[in-house]
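In what follows, a single structure is set out as C-alpha cells and then discussed.
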Protein chains: 2
Amino acid sequence: MGWRLDHSGREVPGGSERSDAARNRRRILEVARGLFEERGVGEVTMEEISRRAAVGKGTLYRRYPNKGLLCQALLDEPTRHLQREVMEVLGRPDLAPREKLCEFLDRLVWFMEDNLDLLYGGHQALPPADRLAHPAYDWRRGTVLGLLREAVRRDELDPDLDVEYVATALLAPLEVELYHHQRRVLGISAGRISAGLRSLVPG
Amino acid sequence: MGWRLDHSGREVPGGSERSDAARNRRRILEVARGLFEERGVGEVTMEEISRRAAVGKGTLYRRYPNKGLLCQALLDEPTRHLQREVMEVLGRPDLAPREKLCEFLDRLVWFMEDNLDLLYGGHQALPPADRLAHPAYDWRRGTVLGLLREAVRRDELDPDLDVEYVATALLAPLEVELYHHQRRVLGISAGRISAGLRSLVPG
DNA sequence: GAATCAAGCGGACGCAAGTCCGCTTTAAGC
DNA sequence: GCTTAAAGCGGACTTGCGTCCGCTTGATTC
C-alpha cells in the first residue's frame, strides 16, 4: 500500500502501481521526453507517443489525459528541485520577507528559463485554466502571499494593501504565454524580466 | 476602391468587398452572435455556424481562420467604443499621467467585464500568442507606456524604472485567462481587481 | 496453484478543426 | 450585353484529439 500521483500532481492514496502499469509509465515518459527534445512539443502527436511507446492510445490517455499533463509529469523532477531550493531560501533568517520574495521570483524566472519548452509546448502544453487550478500554482501564490503577509506584520508594507490580489498580480507576468512572448518573440532577456519583476514588489 | 479589415483587425488596402461576400459576412456575424449568446462560445462549432449561415465551411474559414478571430470581429464595435472613451480621457488636461493611467486601467476592467464571454470563449477564443500579437494589445501597451514615459518626464516617476517592462507587467493581470479565473472561479469582484491593479501603478 | 476480479490495456470509433481545389459568380472592360 | 479573370464559394477530405468498451493480466485469497 502506497501513494501515487494523479495526473495533476496531487498525491492520492491507493494500492501501489501494478508492475505492467509502472513499466508502461516509464516507457511513455522516456519516449515523450525523447520526442519532445528532438522535435519540440508541438510537433509530436499523442498518437505517435503511444505508438513509439508500444502502448495503446487509450492507455496513454488514461494516464495523461492530454499533452499538457504529460509535460507536467516530465516537469515533476525540476519542480521538486525548485521547491527544495525555495524552501531553503525561505528558511534563511538573515533575509527580510521582501528580500526573500525577490529571491523567490528570481528562482521562478530561472525555472521558466530552464523549462520553457515543456511549459509552453507550442500552445499545446497545459491549458491556462488547468494551470491556474494546478497545485504548483497554488504553491507559488501561497508562497508569495505568505511573504507579503509577513512583510505587513513587520510593518514593512502598507497594511491596507490587498495582498491577496497583489500575490496574483505579481505572478501574472510569469504566466507562460506572456513569458514566452517576451523571451522568444520580443527577445527580452531573462535578467531584465527578473529585474523588472523585482521593481514591482511593493514597499 | 476602399479599405477592408483583415482577420486580425488590421486595415488593408484593396478593392471594396464583393456584394455576395458582404452579404455572407453579415450573415456569419449575425448567426455567430446569436449562437454564442444562446449557448456560449465553447458550445458552438464552426461547422454549425457555417451551416446556419448557409455558407460553406471553406468560406467561413477563409474569412475567419478560427473561432477566436470570429469573436474578435464581434468585439470590433465594443473595442472602438473603448478606444474612443480612452482617447477622451487621455485628452483631459486636468489629469496627471498617473491618474490617466488609473482611469485607463479602470476602463479596461469594465471592458473585460462587459465582454468576458467573447474574450474568453471557453478556452476557444483567440489563443494567447495571437492575442499578444494583435494590434489591440499593442494599443493597450502603447497607451500605458506613453503615460509612464510622460510621468517620468514630469519627474513623477523614478527615471531608472524599466517602463517598457512595467507596461507589460501592468497589463499581465488583465490577460483574459487570469481575469476569467479571478472573476468566475475565485469570485473576486471587478471592483477589487480595479483597485488592486491601481495599487500596483508605481510612483 | 486455481479462482477471482479489479486494474489495466488498446484499437476502433466519433467528432470537430482546418485545408484543398474545382466550380460559380461578380463586376470591369470593351 | 458579352467576355474574362479574379474573387469568392463550398463540400469532401485529412488529421489529430479524446472516448469507449470488450478483452487481458496481475495480484490476492484460499
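First the proteins, then the strands, lettered A, B, ... as listed; each starts at 1. Every heavy atom of this structure was used, including side-chain atoms; hydrogens, water molecules and symmetry mates were not.
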From dC17(D), dG10(D), dG18(C), pick the nucleotide closest to the side chain of Tyr61(A)?
-> dC17(D)
How long is the line joining [atom1] of [X] and [atom2] of [N], in whole Å?
X        : N       : atom1 : atom2 : answer
Ile49(B) : dA16(C) : CD1   : P     : 12 Å
Lys67(A) : dC17(D) : NZ    : P     : 5 Å
Arg51(B) : dA12(D) : CZ    : P     : 13 Å
Tyr64(A) : dG8(C)  : OH    : P     : 12 Å
Arg52(A) : dG10(C) : CZ    : P     : 17 Å
Asp20(B) : dG10(D) : CG    : P     : 9 Å
Arg63(B) : dG10(D) : CZ    : C1'   : 14 Å
Arg27(A) : dG8(C)  : CZ    : P     : 16 Å

Are Glu113(A) and Tyr179(A) linked by a side-chain donor-acceptor pair shorter than 3.5 Å?
-> yes
Of Leu60(A) and Glu48(B), the one whose closest DNA chain C nucleotide lies more 5' | Leu60(A)
Residues in contact with DNA chain C, drawn from residues 34-45 of chain B - heavy-atom cutoff 4.0 Å | Thr45(B)
Table of protein N/O atoms under 3.5 Å from nucleotides 11-13 of chain C N/O atoms:
residue, atom, partner, partner atom, Å
dG11(C), O6, Gly58(A), N, 3.1

Heavy-atom neighbours of [X] [atom1] exceed 12 at 6.0 Å:
X         : atom1 : result
Glu156(A) : CD    : yes
Arg107(B) : CZ    : yes
Glu48(A)  : CD    : yes

Within the pair Asn66(B) and dA17(C), is there a side-chain N or O less than 4.0 Å away from OP1 or OP2?
-> no
Reckon Asn24(A) has a side-chain N or O less than 4.0 Å from the OP1 or OP2 of dC9(C)?
-> yes
Glu47(B) and Arg52(B) ion-paired at < 4.0 Å | no
Could Arg80(B) and Glu77(B) be called an ion pair, given the rule that one side-chain N must be under 4.0 Å from one carboxylate O?
-> no
Anything under 30° is parallel, anything over 60° is perpendicular, the rest tilted; go ahead and classify Tyr120(A) against His180(A).
-> parallel
With a non-hydrogen cut-off below 4.0 angstrom, is Ser19(B) in contact with a base, only sugar-phosphate, or nothing?
-> sugar-phosphate
Using distance only, find each side-chain donor-acceptor pair of residues 83-92 of chain A under 3.5 Å and give its atom names and separation, not counting sequence neighbours.
residue, atom, partner, partner atom, Å
Arg92(A), NE, Asp94(A), OD1, 3.4
Arg92(A), NH2, Asp94(A), OD2, 3.2

Short side-chain to backbone donor-acceptor contact, Asn66(A) and Leu69(A), under 3.5 Å = yes
